[in-house]
Amino acid sequence: MSSSQLFTTISDRIATIRQQLPETVRLIAVSKQVSVEAMREAYAAGIRDFGESRVQEAAAKQSQLQDLPDISWHLIGHLQTNKAKKALEHFQWIHSLDSLKLAQALDRLATSLSTNPQVLLQVKLLPDPNKYGWTEEELFQDLPALNQCQNIQIKGLMTIAPQNLTEGEILSLFQNTRSLAAKIQQQNWSHIQMQHLSMGMSEDYDLAVQAGATMVRLGRTLFGERS
Ligand SMILES: *Cc1c(COP(=O)(O)O)cnc(C)c1O
């Protein structure tokens, strides 16, 4: 935890960040490895969107936070097909949709569960061995098949900047992601919308906002370092 965080509370940090963000940007509080007590504090400070990387962890927290209404749960971590059903039962948003195979699995399950989850396509415009996602070329190949997945609501793109880039490189990456969304939108797919860009984490959210992010995913800067 940085020294500036030692003497501030979660609600102070949320208020500070909220002031820095344009009103239209949705603040997703990334609560992986964060206690439900800290999440209650965030809720009291106005947070209604929580991001979790693991389905199991989110499910456990949801059962402890049942008394809090109006929360939207966002899955931001890689999802294996065998957990897709559970993911649909526990999340309203899936930011980490990263393959056609997973999209088709979610689409089939969404029909049987009578749900229409909101999803973002995770893209990787720079090579990153640690990250999942489509390259631009792969995504254009898969768009016709994704457009057939009519039970999931494809709402935009998500990206994660690789480690060790300069600020200039991160900004270009986010701008290129925004341009890609615009290109896709121009193709006028019937079941693919590009209204949202989920990009920006604690270290780079200011650059993401500059580049047009509509959702930022913040963990450490709200809750402190994870152990
Ligand atoms: C952990 C995580 C975040 C939050 O990262 P911080 O650096 O704690 O803000 C955002 N997005 C994804 C995909 C993550 O896995």
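Each residue takes its place number in the sequence, starting with 1. Indexing begins at 1, ligand by ligand and atom by atom, following the structure's order.
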Handout entry: Pair R18 + E23: basic N to acidic O under 4.0 Å
Key = no

Handout entry: Lys/Arg N to Asp/Glu carboxylate O, E57 vs K32, below 4.0 Å
Key = no

Handout entry: Residue shell around ligand 1, heavy atom under 4.0 angstrom
Key =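 For ligand 1, the residues that come within the 4.0 Å heavy-atom cutoff are V30, K32, S53, I76, I160, M201, S202, R217, L218, G219, R220, R226.
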
Practice task
Indicate yes or no for a side-chain donor-acceptor contact from K155 to the backbone of I192 under 3.5 Å, with no hydrogens or angles considered.
Solution key: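 Checked: no pair found.
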
Problem - Where at least one partner belongs to residues 199-219, residue pairs that pass salt bridge (Lys or Arg N to Asp or Glu O under 4.0 Å), sequence neighbours excluded - result: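 Only E203-R220 qualify under salt bridge (Lys or Arg N to Asp or Glu O under 4.0 Å).
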
Problem - Pairs involving residues 8-59, ordered by first then second residue, that meet ring-ring contact (aromatic ring centres under 6.0 Å, His included) (sequence neighbours left out) - result: F50-W73

Problem - All salt bridge (Lys or Arg N to Asp or Glu O under 4.0 Å) counterparts of R40, not counting sequence neighbours - result: D67

